[in-house]
Amino acid sequence: MKKHMIAATMAGLLAISMAGCAGDGAGGSGGNASSDTSGTVDKSSITIGVAMPTQTSTRWIADGNAVKEGLEKEGYKVDLQFAGDDIPTQTQQIDQMITKGEKLLIIASIDGTALTSQLQAAADAGIKVISYDRLIRDSPNVDFYVSFDNYKVGVAQATSLLYGLKLTDKDGKPAADAPAGPLNIELFAGSSDDNNAGFFFDGAMDTLQPYIDKGTLVVKSGQTDFAQAATLRWDQAVAQTRMENLLSANYGGNGEGLAGVLSPFDGISRGVITALQGVGMGPSLAEGLPVVTGQDAEIASVALIDQGVQWSTIFKDTRTLADQAITAASAYLAGDEPEANDTKTYDNGVKVVPSYLLPVITINKDDIQEQLIDSDYYTEAQVKAGQ
Ligand code: GAL
């Protein structure tokens, strides 16, 4: 973790110095707070509220820490809160941030539709709100959105499933010696109250549907609707139970004939894998474990990929996402507008929220060294230890 943190800090510093340059360019001599011509802005008097959903997933801990460290390096105070995946806890935390007079909020919501009154109170107090990775819905008071290209994440997950089933190459190009099928798969989606979950599932289904239409892929349970596949709160135990039920109802209780599982998140993947191994499958891919995808490159799943158990994950570099949030926050606090690279896709039900979307990388066993270890996201020791 230490190496990760140092890298996150360095990445943060880079973003800060870049933000400083951008501010100077756009705003002339008044580009950032410390060089404000009025000379009155003291960053250390500004607290930024950072609301993260949960600490049960290592990715959100990494996100929270990276945002906090980066903002503190820039001179701001930070109030970082995790809400234990409990909606009332998160609304209360945000209420308190507003009452305490915090100047800007960075929020990764639990239920994207549950924060309307908090965001109204923030707007009334002149507090800018940055929606972090998950879009906050049904509110005109979301100022900016930083995330990854969530539809493309779904495409990447499905493409990785096709690759694992030897139907395509890694880039999704049909394989010359592809099996004719039919190959049985099952589908998992994320939490239905998270705006991202629909994007992931849509991207995945648009990619898988042609194979389902041809009969090459068969969802034996018939559970192909988002609502049937959804996993409330992205919960590992919920996913494990659903997979166990799918196995007993459709695969003779021992998984026979199941070739792959679309999973949108590493926690769900680990629940699915536990269920598969629990009925005697595998325990590794080489020993017949079905192909299971994932997302977030959580260390526990990267270790499983390294061991040949989980097939893949989608790496979303939390350092770059934190950097974007810090860049956007710095722009607002300097009186500027953050730069968006997408102003069309993310309609939150009330308005299209200007967004900055980052690219993602698919990780198989062969990619761990270059993408995760060489980039200092994890050390080799962490990958071996799984923590
Ligand atoms: C989503 C996020 C994913 C994953 C999931 C579960 O909102 O985009 O990367 O982290 O939540 O935490």
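Just follow the structure's listing: the first ligand is 1, and inside any ligand the first atom is 1. The figures here come from the full heavy-atom set of this structure, side chains too, leaving out hydrogens, waters and symmetry mates. This is a predicted model, so every value here is computed, not measured.
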- Message: Let's go through F315 and Y377 carefully: what are the C-alpha distance in whole Å and the side-chain angles of both, what is the deciding distance for ring-ring contact (aromatic ring centres under 6.0 Å, His included) to 0.1 Å, and is it a yes or a no?
- Response: CA-CA 10 Å; F315 176 37; Y377 200 70; 4.7 Å; yes
- Message: Just to verify, what does F148 make a ring pair (Phe, Tyr, Trp, His ring centres under 6.0 Å) with, not counting sequence neighbours?
- Response: none
- Report the C-alpha separation of F199 and Y151 in whole Å, then their side-chain angles, then the decisive distance to 0.1 Å, and conclude whether the ring-ring contact (aromatic ring centres under 6.0 Å, His included) test is met. CA-CA 5 Å; F199 277 88; Y151 180 87; 7.5 Å; no
- Y163: ring pair (Phe, Tyr, Trp, His ring centres under 6.0 Å) partners, not counting sequence neighbours: W311
- Task: State plainly whether the residues D177 and K166 are in salt-bridge range, i.e. N to O under 4.0 Å.
- Result: no
- Who are the ring pair (Phe, Tyr, Trp, His ring centres under 6.0 Å) partners of Y145, not counting sequence neighbours? Y346
- Query: With hydrogens left out, which residues have an atom under 4.0 Å from ligand 1, given that only heavy atoms count?
  - Reply: R59, W60, D133, R134, D194, N196, F200, W234, F265, Q295, D296, K316
